[in-house]
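The structure appears below as structure tokens.
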There are 2 protein chains.
Amino acid sequence: MSLRSALLALLRIGPMSGYELAKQFSQSVGHVWHAPDSQIYPELRKMATEGLVVAEEQTRGTAGRRRVYHATEAGERAFLDWMNSPLKYQRTRDAAHLRAAYLESADQEAICDFLRGHIEHWQGELKVWEDEIATIEALESPMLNRRLAVTAEEDREVTIEYKKFAYEGLAARARSEIDWAQRGLKLSRRLERTAETASSRHTD
Amino acid sequence: MSLRSALLALLRIGPMSGYELAKQFSQSVGHVWHAPDSQIYPELRKMATEGLVVAEEQTRGTAGRRRVYHATEAGERAFLDWMNSPLKYQRTRDAAHLRAAYLESADQEAICDFLRGHIEHWQGELKVWEDEIATIEALESPMLNRRLAVTAEEDREVTIEYKKFAYEGLAARARSEIDWAQRGLKLSRRLERTAETASSRHTD
DNA sequence: TTCACCATGTAAGTTGTTACATGATTCC
DNA sequence: GGAATCATGTAACAACTTACATGGTGAA
């Protein structure tokens, strides 16, 4: 459902080909909801059969073809229905925290690698999201600008603010993860020392 | 892979039936990695065919049966391999933040419902994790106690500390989500006022 | 005897991953 | 002519969801 909503959200900006949509999923929206092309193309076809979008077949050059999708009124309604309906939360499934719970079974080196990897991963995400916020604030986000161009003047600030709000939440999460992993590194160093002390006490 | 690792982590405490494992997934481990019975039973069978666990068939009463699974050495090795190997991160797929990015398209009431729902959801999670931390600290976690019973004395503190560490990370995340949604509520009230001001200015 | 709990699944469908496959166009 | 990029997919598999289906045990 969310992939579909993300696609509809983009198509509300204007008609786009599967390729363009896939691009957006490796940039803007994709930073919130990732999807590979192999999922996007079939989903668009499915949405077309359900009348949420219509495909306009175009040719490029002599033999090139592209399918430009337009959101229909049913698609617009489906998007707004999703926006106004309660969000379904999935149960927690967090591999990093699962592993963290059993870190005593890992080698000291693996513990450091894991925590450092966690920090690196979330620093990467944080950078993406902070850059996105900066781009939005500088009014340099291509997609948002296209959206603003078809938005009534009095709704523009609201549109910008919510977009920033979304990315700020993600950034906050990233910071929290980095913070946690850093505390983990300290903890693992402390526990390593404790273990050494304990074993030396035993061998005294 | 993570479901498998979670199952193996539990089986390292001692032999358990699919039912018992499913119970744990609606309690302790399940607070980190959720899995329904319909996923656990088939996974255990698959792990049995791969030699990671062996099933010991037992009878209960006259006709009751149960399959008690033991982790094999290969299972133990698989778990440790997972613990010592780099963690794979999936790309972001966050429905709440996806929706937040397009909140200008939602009704004011839906915005509040969404943000309040988000707060409620994460407050629920937070309570679970904080309770879990308290239970661990009080040495009242049944599963952890069973694990500690088969753990060398000098490794007990480490085991406890990492378990707490894991839940603290989850709790931090929950707090960050609650915080974000609360800022969202304030933002939405501010933007609502702005919109009214703007429209009243127009209708003056 | 009834109810809570023990116990084990299947079946159908959706979503997501990874890898593969193909060909046109545009610009240098 | 070659490389980047435009453009669209398929196929196989893994993971997860939702709903259904069945029966035994143990205690009040």
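Labels below follow one simple rule: chain letters A, B, ... track the order of the sequence lines, proteins then strands, and each chain is numbered from 1. Excluded from the calculations below are hydrogen atoms, water molecules and symmetry mates; all remaining heavy atoms, backbone and side chain alike, are included.
The number of heavy-atom neighbours closer than 6.0 Å to CD of A:Glu73, taken from other residues, nucleotides and ligands shown, is 12 or below.
Judged as a ring pair (Phe, Tyr, Trp, His ring centres under 6.0 Å), and not counting sequence neighbours, the contacts of A:His121 are B:Tyr89. B:Asp179 pairs by the side chain to side chain contact (heavy atoms under 4.5 Å, CB included) definition with B:Arg183, not counting sequence neighbours. B:Gln39 is linked by a side chain to side chain contact (heavy atoms under 4.5 Å, CB included) to A:Arg93, B:Leu3, B:Ala35, B:Pro36, counting only residues two or more places apart in sequence or in another chain. With sequence neighbours left out, B:Glu50 forms a salt bridge (charged side-chain N to carboxylate O under 4.0 Å, His left out) with B:Arg4. Listed by chain and number, the residues in a side chain to side chain contact (heavy atoms under 4.5 Å, CB included) with B:Ala138 are B:Glu140 (sequence neighbours excluded). Partners of A:Phe165 according to the ring pair (Phe, Tyr, Trp, His ring centres under 6.0 Å) rule, which considers only residues two or more places apart in sequence or in another chain, are B:Trp180.
Rounded to an integer number of Å, the gap from CG of A:Asp37 to C1' of D:dT8 is 9 Å. C:dT15 atom P lies 14 Å from atom CG of A:Leu44, rounded to whole Å. Remark: P of D:dT25 and CZ of B:Arg66 are 13 Å apart, rounded to the nearest angstrom. If you measure from atom CZ of A:Phe25 to atom C1' of D:dT8, you get 17 Å, rounded to the nearest angstrom. Rounded to whole angstrom, the span from the CZ atom of A:Arg45 across to the C1' atom of D:dA11 amounts to 16 Å. Atom C1' of nucleotide D:dC6 and atom CG of A:Leu21 are separated by 14 Å, given to the nearest angstrom. Note: NZ (B:Lys23) to P (C:dC5) measures 8 Å, nearest angstrom. Between B:Tyr41 atom OH and C:dT10 atom C1' the separation is 13 Å, expressed in whole Å.
The residue from B:Glu125, B:His31, B:His34, B:Arg173 that alone fulfils the side chain to side chain donor-acceptor pair (under 3.5 Å) condition with A:Thr92 is B:Glu125.
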Please list each protein N or O that sits under 3.5 Å from an N or O in nucleotides 22-24 of chain C, with the distance.
{"residue": "C:dA24", "atom": "O3'", "partner": "A:Gly64", "partner atom": "N", "Å": "3.1"}

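Contact annotation: A:Tyr19 does not reach the phosphate of D:dT8 (side-chain N/O to OP1 or OP2, under 4.0 Å).
Within the structure, every pair that satisfies the salt bridge (Lys or Arg N to Asp or Glu O under 4.0 Å) test and touches residues 76-86 of chain B, not counting sequence neighbours, is listed here: B:Arg12-B:Glu76.
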Inset, instruction - Let me have a per-nucleotide readout for nucleotides 14-21 of chain D, 5' to 3', with B, S or -, counting only protein heavy atoms under 4.0 Å. - result: -SSSBB--
